[in-house]
Amino acid sequence: MPAFHAAIIRWYRRNARDLPWRRRSDPYSVLVSETMLQQTQVARVIPKFEKFLAAFPTIASLACAPLADVLRMWSGLGYNSRAKRLHETARTVLRDFNGQVPHAIDDLRTLPGVGRYTAGAVASFAYGADEAAVDVNVGRVLSRALLGKDRITGSAIWELAARVVPRGRASMWNHALMDVGALFCRPNPDCAGCPARRNCVFSTSGKPERKTGARRGRALSAKAPFLGSRRYYRGRVVRALTCAPRLSLLALGEQVKEDFAATDVAWLRDLLAELERDGLVALDANRAHVRLPTDARQS
DNA sequence: AAGTCGTGGTC
DNA sequence: TGACCAAGACT
C-alpha cells in the first residue's frame, strides 16, 4: 500500500468521525443515509437519520408507508424529491429485487435517486465492494493530493478514484477520504493538520486556485507548512507558490525533497504513467504539466 | 449540459 | 443582509 494510503488509513483508524450511519452497515441504512447526505450537511442529517430509521426500520416498512408519512419524516432536510425517490426505490427493491438491495453498481443505478456516487457508496459501505464513491470531498482530496489540481470533475476523477481504491478496504478508504476532505482538505485547506500532507502533491508543491473575495479566508501559504520554500525540478528552481495546473514537480522530478514521502514518488509516477497510457491525462514534454480530457474540468 | 431541486447556517 | 454553500441526481 502506498504511503499515501497508509497515512490516511492510519489517521482514520484513530480519528474517524463517529457518525450515526457508520454504526450501521446494512444496505438499507446506507441507502437512507447516503440519500439524506446528498447535498446536505452532515450536521443536518445526524438528528434526522435515527428518527427516520425508527419510523421505518426496514425497507419493507418504508415501501409500505404512505408517501405523506415519509415526507413528514423528511421535513427539514430539503430536496423533498429525494424522499419520493427513496420511497420509490424501496418499492422497487421489494418488487424487482426480492427485497434485497442489489450489490451490482449497474443494478443500483437503476434505482430512482441512486446516481454514481450513491451506488458506489452502497456497494462499498454495505457490501464491501472495491468501488469508488466520489463526492465533492473525495474529488477534492484526490485531485489535489495526486494531480496537484484544485478539483477535477467529470470522468477523470472517477477513473482516478477507481484506480487508487485499496483492495478489500474500499469502505474504510472512502470514509477516510471523506473525513480528510471535510476536516482538512476543505476548499480553504488546513494542510498543516492533514495526515496526508507529506504524501500530497498539493500541500508540497501547489496552491489552490483561490477565488478572489474577502470571505475566502487567509491564503493557503499562511497555513501550509511547505509552501514558500524553493524547490527544484530538472535543475530549475520551482516556485512553490505558483498555481499553474501541473503535476507534482516533486513527484516527477529526480530531486525528491524530504517532505514528500519517497515511497509515494514511484507509485505516483507509475499511476500517472498508467493514466497517460489510457488517455486519461496527457503529460507535456517536461512531464510537468498535465492536460485532462475535455469533460474533466477544473474548478 | 446547464438548470433545478430545499433548507438552514454562515459572515 | 443577501449571496454562497453543503456526502448529488435528474432532465
Side-chain angles (χ1 to χ4, degrees), chain A residues 8 12 16-25 27 29-49 51-52 70-90 92 105-126 131-143 150-158 161 165 170-189 208 210-218 293-297 299:
Chain A
I8 288 175
Y12 183 78
R17 287 181 293 175
D18 181 20
L19 302 171
W21 43 93
R22 289 184 180 173
R23 295 172 173 269
R24 305 166 179 264
S25 60
S29 297
V30 174
L31 195 54
V32 170
S33 62
E34 292 305 329
T35 303
M36 287 184 170
L37 286 161
Q38 291 168 8
Q39 293 290 289
T40 306
Q41 292 173 338
V42 167
R44 192 178 319 291
V45 173
I46 285 177
K48 295 287 180 183
F49 174 69
K51 289 180 183 172
F52 191 93
V70 179
L71 288 171
R72 195 169 302 117
M73 293 305 297
W74 199 266
S75 66
L77 284 172
Y79 286 142
N80 295 336
S81 63
R82 293 182 299 168
K84 297 177 188 170
R85 293 178 186 138
L86 181 59
H87 185 241
E88 186 55 35
T89 278
T92 302
I105 294 284
D106 290 344
D107 286 337
L108 284 164
R109 291 207 55 182
T110 66
L111 300 171
V114 178
R116 199 169 185 179
Y117 164 77
T118 304
V122 171
S124 61
F125 296 154
E131 296 288 347
V134 181
D135 64 4
V136 65
N137 285 317
V138 172
R140 194 172 54 244
V141 172
L142 294 181
S143 299
D150 208 16
R151 191 159 84 88
I152 303 306
T153 60
S155 64
I157 189 60
W158 278 93
V165 168
S171 176
M172 177 179 294
W173 176 245
N174 290 337
H175 278 313
L177 287 180
M178 290 176 194
D179 279 4
V180 169
L183 300 176
F184 306 107
C185 197
R186 300 180 303 254
N188 277 326
R210 198 113 307 285
K211 287 178 186 169
T212 56
R215 295 192 57 237
R216 283 317 238 170
R218 81 195 87 178
T294 51
D295 69 334
R297 302 188 183 163
S299 62

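Just so it is clear, the structure is predicted and the values come from calculations on it, not from any experiment. Side chains are part of it too, since the values below use all heavy atoms of this structure and drop only hydrogens, waters and symmetry mates. Chain A is the first sequence line, chain B the second, and so forth, proteins listed ahead of strands; every chain is numbered from 1.
C:dA9 and B:dG8 have their P atoms separated by 23 Å, with the value rounded to a whole Å. One P atom belongs to B:dT4, the other to C:dC4, and the distance between them is 15 Å to the nearest Å. To the nearest whole angstrom, the two P atoms, one in C:dG2 and one in B:dG6, are 23 Å apart.
Nucleic acid contact class of A:Val138 (heavy atoms, under 4.0 Å, all strands): none. A:Arg17 comes within 4.0 angstrom of a base, heavy atoms only. Using a 4.0 Å heavy-atom distance criterion, A:Gly78 is classed as a base contact. In this structure, A:Thr118 reaches the sugar-phosphate backbone alone: every heavy-atom distance under 4.0 Å involves primed, P, OP1 or OP2 atoms, never a base. Nucleic acid contact for A:Trp74: none, since no nucleic acid atom lies under 4.0 Å from a heavy atom of the residue. Counting non-hydrogen atoms under 4.0 angstrom, A:Val45 reaches nothing in the nucleic acid.
Between A:Phe49 and A:Trp21, the two ring planes are perpendicular [angle over 60°; tilted spans 30° to 60°]. Between A:Phe52 and A:Trp74, the two ring planes are perpendicular [angle over 60°; tilted spans 30° to 60°].
In this model, the phosphate group of C:dC10 is not approached by any side-chain N or O of A:Ser81 to a distance below 4.0 Å at OP1 or OP2. Contact between the side-chain N/O atoms of A:Gln39 and the OP1/OP2 oxygens of C:dG8 is found at a separation under 4.0 Å.
A donor-acceptor distance shorter than 3.5 angstrom exists from the side chain of A:Arg82 to the backbone of A:Gln38, with no hydrogens or angles considered. In terms of modelled atom types and a separation under 3.5 Å, the side chain of A:Ser33 and the main chain of A:Val30 share a donor-acceptor contact.
Nucleotide C:dC5 holds its P atom 11 Å from the CG atom of A:Asn188, rounded to whole Å. Distance, A:Asn137 CG to C:dC5 C1': 12 Å, rounded to whole Å. Atoms CD (A:Gln41) and C1' (C:dC5) sit 7 Å apart, rounded to a whole Å. Rounded to whole Å, atom C1' of B:dC5 lies 10 Å from atom NZ of A:Lys84. Distance, A:Arg109 CZ to C:dT11 P: 12 Å, rounded to whole Å. For A:Leu71 and B:dG6, the CG to P distance is 10 Å, given to the nearest whole Å. Going from atom CE of A:Met73 over to atom C1' of B:dT7 covers 17 Å, rounded to whole Å. Rounded to an integer number of Å, the gap from CG of A:Leu111 to P of C:dC10 is 9 Å.
Relative to the side chain of A:Tyr117, the nucleotides C:dA9, B:dG6, B:dG8 differ in distance, and C:dA9 lies closest. Of the candidates B:dG8, B:dG6, C:dC10, C:dC10 carries the atom nearest the A:Arg85 side chain, counting heavy atoms from C-beta on.
Partners of A:Arg24 according to the salt bridge (Lys or Arg N to Asp or Glu O under 4.0 Å) rule, which considers only residues two or more places apart in sequence or in another chain, are A:Glu50.
Here A:Asn137 contributes atom CG and A:Phe184 contributes atom CZ; the two are 12.5 Å apart, rounded to the nearest 0.5 Å.
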